[in-house]
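Notes follow once the structure below has been shown.
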Amino acid sequence: MEIKVINKGHHALPEYQTIASAGLDLRAVLEESIILKPLERKLIPTGLYIELPVGFEAQVRPRSGLAFKHGLTVLNSPGTIDADYRGEVKVLLVNLSNDDFKIKDGERVAQMVVAKHETVEWVPVEELSDTERGAGGYGSTGKK
C-alpha cells in the first residue's frame, strides 16, 4: 500500500523494524529535549503529515519497551488518525512511572499501524438474538 506523506522533520520516514512488524516506529521531532514528569502528558510532534485512503485508519500505539521499562504509554491508545485528517501526526504520551523521563529528538516514542476499517449502517430492530452470554457484562464470562 502506498501512502502520501510529507516529512517536515529531519529524521527518515518511519520504518518497520523487522519483516513481520505490524507497526512503524514514530520518532519525536524536537528542537530540544522534553522532560515528562510522573503523571504528566504531552503531545509529541513527529513532523509527519499523511494522506490515508478512505476506508483506512492509522492507529498510534505505545511501544512495549517504553511501557515496560519506563512506564510511558499513549494516553488515548490506540489513537486514531482518520483518512480525512491532514494535520501533523502527534503522539499523546503519558508518564505512568514515578520518575521523570527525558524525551530526546529522534526518540522512538510510539508505533503506527495502518488498518482497514468498515463503515457501519445501523439497522434498528426491536430485539437481538439470544446468546449463552446474554447481557453479562464486565467479568461475567467463565462464572457460573
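The first residue of the sequence shown is numbered 1, and numbering continues consecutively from there.
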Which atom names give the shortest non-hydrogen contact between [X] and [Y], and what distance separates them?
{"X": "Arg86", "Y": "Tyr49", "result": "O-CD2, 3.4 Å"}
{"X": "Asn7", "Y": "Gly9", "result": "OD1-N, 2.9 Å"}
{"X": "Leu26", "Y": "Pro14", "result": "CD2-CG, 4.0 Å"}
{"X": "Glu107", "Y": "Lys102", "result": "OE1-O, 3.8 Å"}
{"X": "Asp105", "Y": "Ala28", "result": "OD1-O, 3.4 Å"}

Please tell me whether [X] and [Y] are part of a single hydrophobic cluster in this structure, the criterion being side-chain heavy atoms less than 4.5 Å apart.
{"X": "Leu43", "Y": "Leu96", "answer": "yes"}
{"X": "Met1", "Y": "Val54", "answer": "no"}
{"X": "Ile3", "Y": "Tyr85", "answer": "yes"}
{"X": "Ile103", "Y": "Val94", "answer": "no"}
{"X": "Ile50", "Y": "Leu92", "answer": "no"}

Original post:
What residue pairs, at least two apart or across chains, pass ring-ring contact (aromatic ring centres under 6.0 Å, His included) with a residue in residues 6-36?
Top reply: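 The answer is none; no pair qualifies.
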
What side-chain donor-acceptor pairs closer than 3.5 Å can you find for residues 29-42, not counting sequence neighbours?
residue: Glu40; atom: OE1; partner: Lys37; partner atom: N; Å: 2.8
residue: Lys42; atom: NZ; partner: Ile35; partner atom: O; Å: 3.4

Taking distance alone, no hydrogens or angles, what donor-acceptor pairs closer than 3.5 Å link side-chain atoms of residues 66-74 to residues at least two apart or in another chain?
none

Between side-chain atoms of residues 112-129 and protein atoms elsewhere (two or more places apart, or another chain), which donor-acceptor pairs fall under 3.5 Å?
none

Original post:
By salt bridge (charged side-chain N to carboxylate O under 4.0 Å, His left out), which residues pair with Arg61, not counting sequence neighbours?
Top reply: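 Once residues adjacent in sequence are excluded, Arg61 has no partner under the salt bridge (charged side-chain N to carboxylate O under 4.0 Å, His left out) criterion.
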
Original post:
Taking the side chain from Glu88 and the backbone from Thr46, do they hold a donor-acceptor pair closer than 3.5 Å?
Top reply: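 At least one qualifying donor-acceptor pair exists.
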
Original post:
What is the distance from atom CG of Leu48 to atom CZ of Arg27, rounded to the nearest 0.5 Å?
Top reply: 11.0 Å

Donor-acceptor pairs under 3.5 angstrom involving side-chain atoms of residues 75-82: please list them, not counting sequence neighbours.
residue: Thr80; atom: OG1; partner: Glu57; partner atom: OE1; Å: 3.1

